[in-house]
Amino acid sequence: MPEMTTGQAIKEALSLCLDSNDTTFIAGEDIGVYGGAFGVTDGLLEKYGHERIKDTPISEDVIAGLAVGAAITGSKPIVEMQFSDFIVNAMDPIVNQAAKLHFMYGGAVNVPMIVRGASGAGTGAAAQHSQSLESWFCHVPGLKVVTPSNPQNAFDLLLASFVDPNPVIFMEHKLIYKLKSEVNLGPMPSDSSELGKSKVIQEGNDITVVSYSNMVNSVISAAKEDSLTDYSIEIIDLLTLAPMDSESVINSVEKTKRLLVCQEAPASSSVGSTLISEVVTSRAFKALNQSPELLAGLHSPMPSAKHLETTVIPQEEDIVQKIKEMIENEQ
Amino acid sequence: MPEMTTGQAIKEALSLCLDSNDTTFIAGEDIGVYGGAFGVTDGLLEKYGHERIKDTPISEDVIAGLAVGAAITGSKPIVEMQFSDFIVNAMDPIVNQAAKLHFMYGGAVNVPMIVRGASGAGTGAAAQHSQSLESWFCHVPGLKVVTPSNPQNAFDLLLASFVDPNPVIFMEHKLIYKLKSEVNLGPMPSDSSELGKSKVIQEGNDITVVSYSNMVNSVISAAKEDSLTDYSIEIIDLLTLAPMDSESVINSVEKTKRLLVCQEAPASSSVGSTLISEVVTSRAFKALNQSPELLAGLHSPMPSAKHLETTVIPQEEDIVQKIKEMIENEQ
Amino acid sequence: MSKENKLELYRMMLLIRLFEEALEEMFSRGLLHGTMHLSIGQEATATGACLALEKKDLITSTHRGHGHCLAKGADPYKMFAELLGREDGYCRGRGGSMHIADLSNGNLGANGIVAGSLTISVGAALSLKMQKIENIVLCFFGDGAVNEGSFHEALNLASLWDLPVLFVCENNQYGMSMASENAVAGGSITQRAESYGIKSVSIDGNDVEEVYETVSKCKEKIKSSGKPMFIESVTYRYRGHSKSDRNLYRTSDEINFWKEEKDPLKRFIGKLTEEKVEIDELKKVEVEVKNLIRESVKKALESPESPKTNLEEDSYA
Amino acid sequence: MSKENKLELYRMMLLIRLFEEALEEMFSRGLLHGTMHLSIGQEATATGACLALEKKDLITSTHRGHGHCLAKGADPYKMFAELLGREDGYCRGRGGSMHIADLSNGNLGANGIVAGSLTISVGAALSLKMQKIENIVLCFFGDGAVNEGSFHEALNLASLWDLPVLFVCENNQYGMSMASENAVAGGSITQRAESYGIKSVSIDGNDVEEVYETVSKCKEKIKSSGKPMFIESVTYRYRGHSKSDRNLYRTSDEINFWKEEKDPLKRFIGKLTEEKVEIDELKKVEVEVKNLIRESVKKALESPESPKTNLEEDSYA
Ligand SMILES: Cc1ncc(C[n+]2csc(CCOP(=O)(O)OP(=O)(O)O)c2C)c(N)n1
Ligand SMILES: Cc1ncc(C[n+]2csc(CCOP(=O)(O)OP(=O)(O)O)c2C)c(N)n1
Ligand SMILES: [Mg+2]
Ligand SMILES: [Mg+2]
């Protein structure tokens, strides 16, 4: 299996999408000769030409609206928001159009499209270029929301999103682009059944730690820390946020009796709050031996300075400490 | 005390705002001679003239951006989104600008502005005119979010929002506009301390039922149903969603041991999920004698037909049944 | 234009008028939930434009879309059924007045968001172009939509990419209560379109033949040049914006002037009579249309309510 | 223009150039977290425009805003401190390169969102008008911003409401990698502005005197007419868009042409020399500016880190 970065894995997936369907095009800002602000589409223009790899003016509303119009007329568009923060300019086509047309028109149309975007903080890009806005889209019926965390699942999930007949918001955390690993470049799947499935990264019995996107990587590192070696930690990567695989988390919590959810986004009206709510309103409530915990980004815009940025985002050591606290709490 | 509808109470509050501050203007679509799509601003143009009551073209982005620019230069703007669904077109000025400027510029500016809008379903206006999008804004650090439920609190909270130095999203559920009651038209408050306080509508010992916006009125009616007269129900109206007064709910739950949260918006990444998460991650977790419950709108766009619309929104009878179930469950 | 053709234009305008009058009556009888936006007075634009298209040409429509929908071939029964929340409705009661789509006739759907369909039409046109389908997309929108950011972005891209879109601005002179002249800085909608390098023309939108001829010509030009075009079709709405409108922003003199002097149906009947079409022939059309409306309403009222399926499942394909 | 005036223009252009060169160096030494957008090559527009304003005139700026900020009177020390995340920085380390505001000098702030400040400038101008303050708002933005919906909505409203905004489009010919000519349908930015009824002019943005004179005149016209105006200031960026740019979308010949033939500093020095300004006088300015930069960097590097206050509290006023 070839070794590659997440950025490259996404590019491989995009290539496969373009190969598998003539009506597929990619549109976005600086995705052509520039290769994308994060280099993800680098080389695709040379391979597929201007008809398929379409640089747009800086106009996010029409980039997304274009995808909706193309999707309902038999095409399979993939569009890019250079930083996912700019999706604020494309909320009408995504929320009022893409998400609703299938339902609103009584099932008469499907809207198979992908909106990809670079999300998250950690590069000092400050408040307007560092947001994790995935929670908003989970709140919108009709959308699916996917957040890969490494090269392999980015590849697999992008393909699954591609064959899904619904609009998918695909959020790529900036810090995963350069993560490297071997990737099994499988074929185009026949259906999108991979969406909506979380993954157990590591089995354990003392606590269930759930996360998604780049924060999963912090959790994995944290669990390897010396001070935690005595504990048996179950780690779950949600992968798809809408629909959310709460059922697997509920099963896990029934086993471990403890739940910690970690995310970069602030807590209020977020994925993490939802998961905790879904767990405690389920049969797992009885299994919990203590209050679940949510380790989330501070309720603050993202500062630019590095030492402040790390204050806002939960760090590995915060996760270690929280896991210790929770397990030792009731032993 | 004069009797009036919520629409009229809001108008009285707007008048007081305009009277109290020369730099205050109201801008929006059809707010002048038309009087607003829901009649809220009817008569203000005659009283204050075109300089203060400003009809805009249909262009929500500049309506909100205008407010940001005015707010950071010493004015106190109040702008209207005719239906709050159209706020999708104004997300950049609200989320990337208004919410962040104070923090991002190191405290050098304040952004005192109000964005009002008619929210919610129940009028058959279908998927693009019926959303309850308040949860999105709770997820955005830097914004305050307020959802009145009747004439008196609409009046009081609009004034409190006006004297607050932060951007406030003020969501008025369409179905509260015509609710009528006596209103104490108090003076402009000296500070915004009313924001962030929930209100106990009715004290009780068997269960805490929390809601906000128009759903509070359904909860109040439900609690009066014959089949519930034996139970002692504590009802809390959140009123402000950001910052959210979870502390009061936690105290209440410690007393009643049961928590039901009711809202019109879908559950995922919502106010209700957040509240449940905040309660179970608090000391109140131990007090709960059973799993808390969230009664939320279905995860579906809003259909137009009346009988389908009521399927999506929790109805009075659903609340009654849920309360019964929860109390009888463990008695 | 042949007489048959003209009678077809007449029939369609009448169908739209009577369809909406029937809706008005149903509304006043309390049969309809929700609001609606009537295009009474504007029938010539919808009719002339859609009848100049082929079935496989696509349209995108607006909140004021009943006319577009009918003119593009929709079944009035299914439309009434939709407004009544019945299973046979175009959207099975999920869409209502503002959201009727009729894909089989090339209607990509009405839209409740002002300017919401402009960027969609651009995407649809890109599909046609990429799939080498020789049809066009006709995008309807109002004068009010011209000031939305989406208008700007859509026209810019359609022009840059040479997409087969015919933008048709139905300038009924008001966006809700706001007079177009107070909303469109610079004063000219066509000049605005021209600034994107899009050829534009302003026409009498109440003259159904002028609309028909202009759209026919534009359609051919778009097909041959591959470039978008723009029509401003000047018309007038008689009814309030929606059901909550008190018409305070305009005078009844103005409304009456348009009703009496410029009504598209009256004018066209006058013209047909001048051209010696027999009164009987017109009468025959009228009877046929009235029957169709009456039967459609009746059937719709008797048709079954849309069942309460699992709406969460219905939200996803 | 007096000699003092001219030397001031020279001084400011040089300050901007050296400020950004110092940043580049700090970046390459790994002292800076995050990206940044350099305006090297574009100094004449920022300088000419801001120096033509009064202190109480307001500006809104962009992601490429160091020049605007300095020219409007900012202290380079506080700017360096900001980029280094220090307590003395304009935003106490919370904003960084893309978000410096300097209210005391009328700079309402840089903005990381393309076209993000256009609607803000309209609101600021409305404040001035309502508060009867006789100043203007100068809104800077790039050629790339011209295609955003916000541009359209902002210009439309500024024109309709007669607001005192001077829109200054710094056309450096690329929006990141996209050539302006491939992004602006119709091809003319000024014609687009004219279509909103806004008087527009295109100027050589690398000629600091032309910029200064044009902005001065526009400022007076705006004050007397109360109406917005529009300047397209044609210029060129030498550096990559940001730190990740490989410059694949343009030739090095093109870059060199601008550097050699059109550089605003070189040209202005040439002009001043022609006008018999002594080399010594220029040298004196240069020494002064170099010292200022050196001292500012040093002081900034030695200044205390911004403390980790309660950031959640800092999020609200
Ligand atoms: C984005 C958005 N803003 C506002 C509205 C509310 N609204 C619906 S129709 C309308 C007027 C539209 O005017 P115009 O485009 O001229 O169409 P007309 O109603 O005249 O047919 C308004 C303001 C909306 N539906 N969508
Ligand atoms: C809404 C939005 N879209 C995209 C970007 C990413 N971006 C930052 S600057 C830029 C190019 C802007 O071009 P222009 O306006 O010409 O300014 P210049 O960089 O040339 O000074 C882009 C695409 C952004 N910051 N905001
Ligand atoms: Mg109109
Ligand atoms: Mg540029």
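A note on names: the letters A, B, ... follow the listed sequences, proteins ahead of strands, and every chain is numbered from 1.
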Report which part of [X] has an atom under 4.5 Å of a heavy atom belonging to chain A: side chain, backbone, both, or neither.
X      : answer
B:E134 : neither
B:S282 : backbone
B:S246 : neither
B:A126 : neither
B:I94  : neither

Got [X] and [Y] here, is their nearest side-chain heavy-atom distance under 4.5 Å?
X      : Y      : answer
B:D92  : A:F86  : no
B:I276 : A:I276 : no
B:V140 : A:W136 : yes
B:S291 : A:V280 : no
A:H139 : B:P266 : yes

Q | From A:N89 atom CG to B:N89 atom CG, the distance as rounded to the nearest 0.5 Å | A | 9.5 Å
Q.
Does A:K306, at its NZ atom, have more than 12 non-hydrogen atoms belonging to other residues, nucleotides or ligands within less than 6.0 Å?
A. no
**Q.** Exercise: identify the closest heavy-atom pair between B:A267 and A:T274
**A.** O-OG1, 4.4 Å
**Q.** Top of B:M244, B:M91, B:E278 for chain A proximity - count of heavy-atom pairs under 4.5 angstrom
**A.** B:M91
Q. Highest number of heavy-atom pairs under 4.5 Å with chain A: which of B:S277, B:S269, B:P301?
A. B:S269
**Q.** Part of A:M302 lying under 4.5 Å from any heavy atom of chain B
**A.** backbone
Q. Can you say whether A:L288 sits under 4.5 Å from chain B via the side chain, the backbone, both, or neither, judging by heavy atoms?
A. both
**Q.** Any residue of residues 95-106 of chain A which, by heavy atoms, sits under 4.5 Å from chain B
**A.** A:V95, A:N96, A:Q97, A:A99, A:K100, A:F103, A:M104
Q: Check for a donor-acceptor pair, side chain of A:S268 on one end and backbone N or O of B:C138 on the other, with a separation under 3.5 Å.
A: yes
